[in-house]
2 protein chains.
Amino acid sequence: MAESTQHGEDPWEGAAIPAVPDRFLASDLVDEIEFLAARARSLGSAHANAVLAPLDLKVRSYSVLAMACSDTGPSQRELADFLRLDPSQIVSLVDALEQRGLVFRAPDPRDRRSKVIRPTAAGTELHQRAAAAVRVAEETSLASLDGPERDQLRVLLRKIAFS
Amino acid sequence: MAESTQHGEDPWEGAAIPAVPDRFLASDLVDEIEFLAARARSLGSAHANAVLAPLDLKVRSYSVLAMACSDTGPSQRELADFLRLDPSQIVSLVDALEQRGLVFRAPDPRDRRSKVIRPTAAGTELHQRAAAAVRVAEETSLASLDGPERDQLRVLLRKIAFS
DNA sequence: CCCACATAATTGACGTTGTCAATCATAATT
DNA sequence: AATTATGATTGACAACGTCAATTATGTGGG
């Protein structure tokens, strides 16, 4: 053994995040929200997917499960709009969750075309563990922000996400 | 004719953004940065891609072009790290831009393995128009934020994007 | 100097995601 | 009743993400 200072493989969970050369931090791109959001989200969803992997979930499937576990009784069309996914993607996500016994398609009494996605007991239970995992990932992603800053960010994102 | 009030096809540019039912705004998901960021970014990049489409660019290719046009002389590896893309994706992006005569691969005197991406005159010119278009898209995406809020958002995103 | 190992660019494979058109069942409108 | 609109579904295809292998070059230890 004794492979101390060598670093061919980082003996660490997750992928090492390469540092950014200082000269890049002065480029015009770092003033563009579009770019900053893309990079921030790439980092964030990498963390989230990592903590969700042990539960066999990704951010996508987690979002669907979370909505199913909310008391809002979302239809698939509503999920598509809310999560900004194509209806066909919702079909496969719900299919996968349904096959795992986490959610089921309940009939909508108002509209027989529509199906309301509801959680099973197992789904509710898994969601609780997943939500805890996501909170951990969020903690990691937002490590550089203090409490008030995180609240600020939430408020600002909510505004542009639901404008 | 006379299909005035009918709305099979929205006579409007871009895709209409479906409204979100109020009851969803109380779900747990809207407190999670991960979700808010995903939705905000989905909206934002849709806008950005729309304004870039006439220039035959997407946010991806625009980012590479923008970095090429900065005075930072980025190598492909550095672009991969900075933009958080796989090196192989940078290859195709640069290939496409190079074939259009917008950038070229310059040799790196320090390291003959490495190639520095630089803009052509046409690349510089297109970048200026593209940057203006992106500013327009940003204006649209951030319409619900005032000036100080936009600055706040930039600062917060910069922190988490380069932590 | 030589050797072993690390790194930059590239290619190719392969699974995942995004987008679209078509279909069927049911609603809504006229 | 007929027409039109909408929800779910399927299938096709392009775009994207990820990984392994290859080639050329750099780097550090003997």
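The existence of a salt bridge linking B:Glu149 and A:Lys159 is confirmed by a sub-4.0 Å separation between a basic side-chain nitrogen and an acidic carboxylate oxygen. Salt bridge B:Asp31/A:Arg158: present, at least one basic N to carboxylate O contact under 4.0 Å. Under the 4.0 Å criterion applied to side-chain N and carboxylate O atoms, A:Arg77 and A:Asp81 are assigned as salt-bridge partners. A salt bridge between B:Arg113 and B:Asp111 is present, with a side-chain N of the basic residue lying under 4.0 Å from a carboxylate O of the acidic one.
Between A:Leu93 atom CG and D:dT9 atom C1' there is a gap of 14 Å when expressed in whole angstrom units. The CZ-C1' distance, from B:Arg105 to C:dT10, rounds to 9 Å in whole Å.
Summary of helix geometry: the two end axes of the helix from C:dC1-D:dG30 to C:dT30-D:dA1, each defined by five base pairs via their C1' atoms, are inclined to each other by 30° (rounded to 10°).
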Write down the protein N/O and nucleotide N/O pairs, taken from nucleotides 23-26 of chain D, whose separation is under 3.5 Å; answer none if there are no such pairs.
residue, atom, partner, partner atom, Å
D:dT25, O2, B:Arg113, NH1, 3.4
D:dG26, OP1, B:Arg112, N, 2.8
D:dG26, OP2, B:Arg112, NH2, 3.1

What are the atom names and distances for every N/O pair under 3.5 Å that joins the protein to nucleotides 14-18 of chain D?
residue, atom, partner, partner atom, Å
D:dC16, O3', B:Arg60, NH2, 3.3
D:dG17, OP1, B:Arg60, NH2, 2.5
D:dG17, OP2, B:Arg60, NH1, 2.7
D:dG17, OP2, B:Arg60, NH2, 2.6
D:dG17, OP2, B:Gln89, NE2, 2.3

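Side-chain nitrogen and oxygen atoms of A:Arg77 include none within less than 4.0 Å of the OP1 or OP2 phosphate oxygen of D:dT9.
Considering only residues two or more places apart in sequence or on other chains, A:Glu98 meets the side-chain hydrogen bond (donor to acceptor under 3.5 Å, both in side chains) condition with A:Arg105.
Taking every heavy atom of both residues into account, B:Val30 and B:Phe24 meet most closely at CG1-O, 3.8 Å.
Separation of the A:Phe35 and B:Phe82 ring centroids falls under the 6.0 Å cut-off.
No hydrogens or angles considered: nothing links the side chains of A:His47 and A:Thr140 as a donor-acceptor pair under 3.5 Å.
For DNA chain D, no neighbouring residue in residues 61-68 of chain A is found when judged by any heavy atom under 4.0 Å.
Within the structure, salt bridge (Lys or Arg N to Asp or Glu O under 4.0 Å) pairs that include any residue of residues 38-51 of chain B comprise A:Glu34-B:Arg41 (at least two apart or interchain).
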